[in-house]
Amino acid sequence: MRVLAIVLAGGEGKRLMPLTADRAKPAVPFGGIYRLVDFVLSNLANGQYLKIVVLTQYKSHSLDRHVSRTWRLSTMLGNYVTPVPAQQRLGPHWFSGSADALFQNLNLIYDEMPEHVIVFGADHIYRMDPRQMVEQHVDSGADVTVAAIRQPLSLADQFGVIETDPAGRRIVAFREKPKDAVGLPDAPDQVYASMGNYVFKTQALLDALREDALDPTSKHDLGGNIIPMLVKSGGAQVYDFADNVVPGSTERDRGYWRDVGTLDAFYEAHMDLISPHPVFNLYNQQWPIYTWHDPLPPAKFVHNEGDRVGRAVDSLVSAGVIVSGGLADHSILSPGVVLHSHSRVEDSVLMDNVKIGRGAVVRKAIIDKNVVIPDGARIGFDLEYDRSRFAVTRNGIVVIGKNEIIDR
């Protein structure tokens with residue numbers, strides 16, 4: 001069976017500012033050593049779908065570089081992961097929506113002529129075996145199969161909601177953030193929320209994209225326009241993510257999926273990684289998350305003199321980290337981070353090459369790459385003062401952008 005995978009990675013990620021000030025949303029670092037895009041690409045690669053194009057657009061340099069450097073497959077076997085920047089092939093305009101992104105890149109589909117096309121988003125944290133979704137799609141004969149995760153009925157107005165027939169499989173309505181959603185046939189207190197992952201019959205996708213491109217009133221969006229079009233024709237079915245079984249998963253982390261579209265959601269997804277029994281388990285080697293690793297030395301913890309002790313507890317510590325007489329507590333330290341003597345980092349996410357000065361204290365913060373926190377500084381204690389200098393989220397998380405210069 002010929003399958004082409006397309007990853008939509010053109011998201012601007014405005015709600016993740018300042019983390020997206022210098023990079024596309026799928027290129028934002030996550031979990032110490034990964035980028036957001038690594039999770040969807042790992043799912044596809046583990047599922048043996050090895051013809052993958054990654055459509056990029058906004059501030060795509062670091063994303064294109066990461067994909068090109070990290071995701072090299074055997075071209076001898078016809079496999080590839082290829083970043084495809086917006087090329088304006090059909091005229092001098094950028095992608096106006098996810099459907100338009102596909103329409104402007106129909107040549108990629110024509111080059112492969114697959115039987116089915118997988119279209120997945122690039123900015124969610126999850127494990128999924130896509131083979132199981134494709135198998136259901138093929139067996140059902142549907143034009144499109146939409147992956148969905150069960151959510152409480154009370155939260156329906158926060159999602160794109162899928163409504164099904166009484167059998168629970170054929171989609172009869174696809175609505176954005178409805179106030180009057182109806183519960184599922186087998187669970188009246190739940191709804192299906194779209195995950196933004198789709199499997200299409202190739203011809204059905206091509207026909208729908210062409211029709212949508214001719215509609216001047218369309219927003220050219222997959223979820224908003226293409227899926228409702230196929231729902232109306234009776235060719236859309238739902239795939240229940242709860243049915244997906246990933247090798248090596250446990251009951252605790254099975255079905256985990258997080259949309260990290262806001263800074264608070266991004267922070268909470270990080271906190272999910274560092275409990276003793278994490279909700280999302282990075283250590284499942286039967287379904288690994290792949291990425292590029294710089295040739296860094298092991299992490300080092302030095303000094304054990306009175307209260308000058310280098311240590312980390314309930315934390316993820318990457319290669320190249322030096323904890324020199326400081327403390328990391330319930331935090332994530334990315335490659336190259338340095339904590340100097342008597343410093344303390346609590347409930348925080350530090351990205352590559354962040355330096356924490358002597359005696360500095362950081363609490364409930366996200367600090368992007370290459371930031372130097374001066375000696376004796378206090379971050380996360382006076383939110384009004386922090387707000388005058390940095391971004392502070394609704395939940396009180398201080399966010400410092402890449403390369404920012406910090407005064408004490």
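Index from 1, following the sequence.
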Please tell me whether [X] and [Y] have a donor and an acceptor in their side chains that are separated by less than 3.5 angstrom.
| X | Y | value |
| --- | --- | --- |
| D129 | Q132 | yes |
| N395 | Y267 | no |
| R150 | Q190 | yes |
| D38 | W292 | no |
| D212 | S218 | yes |

So do [Y] and [X] actually touch side chain to side chain, heavy atoms under 4.5 Å?
| X | Y | result |
| --- | --- | --- |
| T164 | R170 | no |
| I118 | V134 | yes |
| L73 | Y80 | no |
| F159 | K177 | no |
| T70 | Y290 | no |

Taking only Lys NZ, Arg NE, NH1 and NH2, and the carboxylate oxygens of Asp or Glu, determine whether [X] and [Y] approach each other closer than 4.0 Å.
| X | Y | result |
| --- | --- | --- |
| K364 | D347 | no |
| D180 | R175 | yes |
| D386 | R363 | no |
| R23 | D368 | yes |
| D272 | R258 | yes |
| K402 | E404 | no |
| K179 | D157 | yes |

Kindly say whether [Y] contributes a backbone atom to a donor-acceptor pair with the side chain of [X] at under 3.5 angstrom?
| X | Y | value |
| --- | --- | --- |
| S233 | L230 | yes |
| T20 | K25 | no |
| K59 | A21 | yes |
| N46 | S42 | yes |
| S194 | V146 | no |
| S343 | G326 | no |
| R311 | A328 | no |
| N105 | L108 | no |
| K51 | G78 | yes |
| N284 | P247 | yes |

Residue pair H137, Y239: steps toward the ring pair (Phe, Tyr, Trp, His ring centres under 6.0 Å) verdict: CA-CA 8 Å; H137 170 77; Y239 176 75; over 10 Å; no
Residue from V53, I6, L102 passing side chain to side chain contact (heavy atoms under 4.5 Å, CB included) with I109: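 Exactly one option meets the side chain to side chain contact (heavy atoms under 4.5 Å, CB included) with I109, and it is I6.
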T393/D264 under side-chain hydrogen bond (donor to acceptor under 3.5 Å, both in side chains): CA gap, chis, key distance, verdict: CA-CA 7 Å; T393 74; D264 282 322; 2.5 Å; yes
Heavy atoms from other residues, nucleotides or ligands near CZ of R69 exceed 12 (cutoff 6.0 Å):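 Counting neighbours around CZ of R69, more than 12 heavy atoms of other residues, nucleotides or ligands fall under 6.0 Å, so yes.
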More than 12 heavy atoms of other groups within 6.0 Å of E211 CD: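 Result for CD/E211: open.
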Spacing of OG1 belonging to T56 relative to CG belonging to L8, to within rounding of 0.5 Å: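 The distance works out to 11.0 Å.
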Check: F39 ring centroid to Y34 ring centroid under 6.0 Å: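 Judged by ring-centre distance (under 6.0 Å), F39 and Y34 do meet the cut-off.
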Ring-ring centroid check W257 H124, cutoff 6.0 Å: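 Yes, close enough.
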Aromatic ring pairing Y126/F241, orientation class (parallel under 30°, perpendicular over 60°, tilted between):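 Y126 and F241: perpendicular rings.
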Plane angle bin for H270 and F266 - parallel if under 30°, tilted between 30 and 60°, otherwise perpendicular: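 Rings of F266 and H270: perpendicular, over 60°.
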R127 NZ/CZ over F280 ring centroid, <6.0 Å and within 45° of normal: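 Yes, a cation-pi geometry.
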Derivation of the side-chain contact (heavy atoms from CB on, under 4.5 Å) call for D64 and V54: CA-CA 9 Å; D64 293 337; V54 182; over 6 Å; no
Worked verdict on T82 versus W71 for side-chain contact (heavy atoms from CB on, under 4.5 Å): CA-CA 8 Å; T82 301; W71 289 92; over 6 Å; no
